[in-house]
Each structure stands twice: as C-alpha cells, then as structure tokens.
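What follows is a short report on a single structure.
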Number of protein chains: 2
Amino acid sequence: MRVTQSKSVVSQVEEILHGRIRDDTYPPGSRIPSESELSEEFGVSRATVRTVLAKLAATGLILRRQGDGTYVNSKIRETSANFGNLWDFVNLIESNGYKSSIKALSVGLRTATEQEMTALSIGPEEKMLSMARLFYADAQPVILANNAIPASYLCEEVDRIDGHLPIREILRRYCRQEIAFAITDIRSALASDEIKTIMGAGLGETVLELQLAFYSKDNLPLALGVNYFNDAILRLCLVQAWS
Amino acid sequence: MRVTQSKSVVSQVEEILHGRIRDDTYPPGSRIPSESELSEEFGVSRATVRTVLAKLAATGLILRRQGDGTYVNSKIRETSANFGNLWDFVNLIESNGYKSSIKALSVGLRTATEQEMTALSIGPEEKMLSMARLFYADAQPVILANNAIPASYLCEEVDRIDGHLPIREILRRYCRQEIAFAITDIRSALASDEIKTIMGAGLGETVLELQLAFYSKDNLPLALGVNYFNDAILRLCLVQAWS
DNA sequence: AAGTGGTCTAGACCACGAC
DNA sequence: TCGTGGTCTAGACCACTTA
C-alpha cells in the first residue's frame, strides 16, 4: 500500500488501519502488527505510526500493552458511538442498527430569544436562522433537533439552504465558519405534549434533552441547539479510554 | 522551572501549564508563549511541548491557530467537566460550585443478578461485592451510585474496604486491577419512589441514569455501575474539541 | 535475551496569518 | 517577510512482558 501526498500521512494510515479493523482483517481480540512492522509496511516513520495508534487507542478501538503488543478491542464495536462523533446523529442512529433519514420541518428567520441574546451576545434587533429537523431510525422519529444561527453569519439566501445537512456542514457552506469546539449540557425531561405529538408512538414518558453551543477557533459563538432524544429506542452510548 | 526525572517530562510540563491557566498566569483569552519559547523555558524538545499542547487542546482548554498562536479558551472554565474526568463525580460536583461529600450507604457481598452474570460472563454461584453510595453537593444529595465487582477479584477482606473511595481506586487497592476503558449508556428515567426518598427535596420528576461498565487492558470486565443523577441541581456538561 | 510499546530529542520542511 | 503552528523523519534510550 503506497501513501500519497494529497492528505496527511497520519490520516491516510489511520483510515487504512481503521478499515482493517472494520472489515475484520484485524479481527476483534487479535494482535495487530508491531509499530516497526507497520512503519515499514507503509514506509513512514515509527513516530507517525504511533500518532495513529494513539488516536485509535483514545477512542478505545485498540488496547496497547507495553512489552506485549497492540490488540483490537473486542468489547467495542467499530460502529459504536464514541466521543468524537457523538453528536453526529446520522452515525449514531446507524450504529444502533437502524437506517437513518432526516426530515426538515422548518427553515426560516425569526427574532432572537432572550436566552439567545445572552448566549450569543447580540441585540434584540438581530435575526436568527432557525431550523427544526426530525431524525428517523427506520420509520420511527427519534431525535427532534432545533438549531439557531445568527442571521448575520449567513453568506447566502435563506431559501437556498438545504435543511438536511448537519449543522457543521451548514455553518461551513452558508456561513464559511468552522466549528472548533462544542459544549453540551445533558438533561432528562418529561416529554411534552408537543414532543409526544411529533415523536409519536414508541416514546417513553421521558426524553434526553441535549443543549448545545458551538464555537469557532476565535471563540465566537456560532450556533445554539436544543435536541430531544428518544432514549427508549436509541442508546446514547459513550466510550472513554485512558492511556 | 527545572524538570526532574521522577515523573514523565510531558506530564510535568502539562501540570505546569495547566496550573498557569488555572491561576490566571495565562488569563482567559490571552495568548500563551510559542512552542519554541516554551521548549526553551523548560529545556525540552519542541515535540514534547507539542504533545502537552495537543492534550490541552483536546480538552478545549486552549485554542491553536496556525500562523497566529495559542490562546486560552475563555469559554471553558478550567474547572468545567470534560470528557476525561466526566465520571469523576467529586470533581463534577465541585466544578458545579458545591462542596462535595460522600456517604457510604452499604458495602457487602450478595449473589449476582441475571444481568450481571451475562455482562461479566460468570456463573450463578458467583458472589458480587456491592456498594451503594450517595454523593452530596453541599447538604443536598445529588448522585446515587451503585457499583458491583465480582468478589473473585478481591484480594482483601470485605470489611477492610473504604466505601468512600472512587471505584477506580477501589479496584486498584483491593483488586489490583486498573481500569483501561469504560462504556456508559445515558438514559432519562422517572424518579422512582425509592430514589425520591433517598435524594429528598430538590429532585425533579426525572433523573439521568448512567449505566457503566468498566474494563481492564486485557478486556476483562471489572465492574458494573448504575448511577442516578439529579440533573435539576447538577449540570452534566461535556466539552468536545476538534483539531 | 529478544521484542514490544513508552519517552524524548534534534532537526527539516511546509502552510498559514499578521504585519 | 517573519514567526506561528502543522507534519514528518531518524534515531536513541528506557520499561516491560514473554519465552
């Protein structure tokens, strides 16, 4: 396998090894080649290989034992949610074993709420781009996602916006902004009548409420979100790994 | 500041920089010295400095901009929970601005439940060390934590166990096992009467239920936990950062 | 004793942003 | 243009596990 210059060497090697774990070239519980063997195979330095293996170990996908070797974690399915892709709902739904789809309920401008004015440090005259979307697991609605972006960030007309895109992609395309970090509050809540109507049968008495704030590298607040999550159907699953 | 050989150079530099952010030597929003300046100050290579800065950036504590510099993230309080220490409840309670304390409700042996036998791949004759503990924020109980460890892992007498220690420390001291990774399911639930009785006033209708499984580097399941979390009082807050 | 991962160095070159 | 962070290399030495 040769490595080209278009993407970074690290991310290329990462994709290859990730793929080998996914397709059982390296089966669960098995030992994968040593750092020196991998660095020789890919024609890269051992430091580069170590960077990749450290990333995979951080997600819990592999376990490393000094003096012994590196093993594929048999307790973690490749598909299971981990911290990095946790709020990637499409991925989350599919890793729960369903087919995912998105329905855009509404996309449009409105005035900012009190809460938004505080969180985004904007004035009362400022408009917000507000989006409501419903994520389905097979035919069952499981996540109601409300997101809002200050309209001043928009570089394009509102009616050109594709309501099916993830928030990260919307900010990238229509605002030319990149998310650097996000802060999430996780709460439990009683399912309101409105949510029960929208989410339909298969909803328990309670839902998970995820309150999100997205920021740029310049510490600029880019967007706010409130997501209602039907945890009777979907598992919200986190993996933590320590070195 | 000289660096000794007792701990790793990386962790020493990390502690120093972390401390400087905590005590406002590097105030929120300010630019911190460049990689070369830091490597010169500490007498370590630039690679070592980069390892430290990558760790801090992964927790969202600093923001790095190529061609510009490295800045202290003003949106993240040093004390706020991040992924690495998320299930460190003492830390979590104190980062919410309370004084934390722990009450051990019960510590003892019992037979394994069906669920535990499946999750731990053990037989019906196997005993479990079961612990119930209550975490307080000031005088208010906020987390009810139930943990169970297969009794076969124990190296010491049950009555010598200190019920106030965190699960990681209990496994270390009394079982000589180290946690390598953990899998958590987050759910919302109605507060049962039993929980209402234990947690008392200040509890909402719903609670967060955190179901945990801890594993060793050998992929051995070490312990299971079910935690009930009063999210009316305590914020469960996650920070994610992308490179 | 041999092989594994863990730590650290010194230096090269590149991409990007501010001035 | 200059200084910043981003990427990658080659190699040294150590700690640990296994045989």
Side-chain angles (χ1 to χ4, degrees), chain A residues 2-17 26 30-58 61-73 176 178 180 216-220 241-243, chain B residues 2-17 26 30-58 61-73 176 178 180 216-220 241-243:
Chain A
R2 291 280 287 128
V3 158
T4 66
Q5 290 289 333
S6 51
K7 280 189 178 181
S8 83
V9 180
V10 166
S11 65
Q12 286 178 71
V13 174
E14 188 180 0
E15 273 174 33
I16 294 171
L17 293 185
Y26 302 148
S30 68
R31 201 174 115 156
I32 76 175
S34 72
E35 296 179 350
S36 4
E37 287 170 325
L38 290 173
S39 74
E40 195 173 347
E41 175 186 355
F42 296 122
V44 301
S45 76
R46 200 186 136 208
T48 303
V49 171
R50 278 187 62 77
T51 303
V52 173
L53 295 178
K55 283 186 170 198
L56 297 178
L61 210 54
I62 58 174
L63 295 169
R64 321 203 65 198
R65 295 204 284 273
Q66 187 175 9
D68 183 356
T70 300
Y71 295 80
V72 179
N73 190 339
R176 280 167 223 168
E178 202 67 38
S216 75
K217 277 214 168 178
D218 304 299
N219 243 317
L220 220 55
W242 291 268
S243 59
Chain B
R2 291 281 288 128
V3 158
T4 67
Q5 290 288 333
S6 51
K7 278 190 179 181
S8 83
V9 180
V10 166
S11 64
Q12 286 177 74
V13 173
E14 187 180 2
E15 273 173 32
I16 294 171
L17 293 184
Y26 301 149
S30 68
R31 200 173 116 157
I32 75 174
S34 71
E35 295 179 351
S36 4
E37 287 170 325
L38 289 173
S39 75
E40 195 174 346
E41 175 187 356
F42 297 121
V44 302
S45 76
R46 200 186 137 209
T48 302
V49 171
R50 278 187 62 77
T51 303
V52 173
L53 295 178
K55 283 186 171 198
L56 297 177
L61 210 53
I62 58 174
L63 296 170
R64 321 202 65 198
R65 295 204 285 275
Q66 187 173 8
D68 183 357
T70 300
Y71 295 80
V72 179
N73 189 339
R176 281 166 221 169
E178 202 66 38
S216 75
K217 276 214 169 177
D218 305 299
N219 244 317
L220 220 55
W242 291 269
S243 59

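A note on names: the letters A, B, ... follow the listed sequences, proteins ahead of strands, and every chain is numbered from 1.
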In whole Å, I'd like the distance from the OH atom of B/Y71 to the P atom of D/dG3.
16 Å
Give a yes/no on whether any side-chain N or O of B/S45 is located under 4.0 angstrom from OP1 or OP2 of C/dC8.
no
In this structure, how many angstroms lie between the P atom of D/dG11 and the CD atom of A/E40, rounded?
13 Å
So what does B/R65 hit on the nucleic acid, given a heavy-atom distance under 4.0 Å: a base, only sugar-phosphate, or nothing?
sugar-phosphate
Is there a side-chain contact between A/I32 and A/L53 (heavy atoms, below 4.5 Å)?
yes
With a 4.0 Å cutoff (strictly under), does any side-chain N or O of B/T70 reach OP1 or OP2 of D/dG5?
yes
Side-chain (B/E35) to main-chain (B/R50) donor-acceptor, under 3.5 angstrom
no
Is the shortest side-chain N/O distance from A/T51 to OP1 or OP2 of D/dC8 below 4.0 Å?
no
When the distance from CZ of A/R50 to C1' of D/dT9 is rounded to whole Å, what number comes out?
15 Å
Take A/I32 and A/A47, find for each the nucleotide of DNA chain C with the closest heavy atom, and name the residue whose nucleotide sits nearer the 5' end.
A/I32
Distance below 4.0 Å between A/R64 side-chain N/O and C/dG6 OP1 or OP2:
yes
Distance check needed: C/dA15 P versus B/D68 CG, whole Å only.
19 Å
Given atom NZ of B/K217 and atom C1' of D/dT18, what is their separation to the nearest angstrom?
17 Å
Nearest 0.5 Å please: distance from the CG atom of B/L56 over to the CG atom of B/L61.
6.0 Å
Figure out the NZ/P separation between B/K7 and C/dC8, and round it to whole Å.
13 Å
Short side-chain N/O contact to C/dA10 OP1/OP2 from B/R46, under 4.0 Å
no
Using whole Å, report how far CD of B/E35 lies from C1' of D/dC2.
16 Å
Around B/E40, counting heavy atoms of other residues, nucleotides and ligands shown, do more than 12 lie under 6.0 Å from its CD?
no
D/dG6 phosphate, OP1 or OP2, under 4.0 Å from A/S8 side-chain N/O:
no
Report yes if a side-chain nitrogen or oxygen of B/S34 is closer than 4.0 Å to either non-bridging phosphate oxygen (OP1 or OP2) of D/dT4; otherwise report no.
yes
Could you state the atom-to-atom distance from CD of B/Q66 to C1' of C/dC13 in whole Å?
13 Å
Just by modelled atom types, is the B/D68 backbone N or O under 3.5 Å from a matching donor or acceptor in the B/R31 side chain?
yes
Contact nearer the 5' end of DNA chain D, comparing B/R31 with A/V10:
B/R31
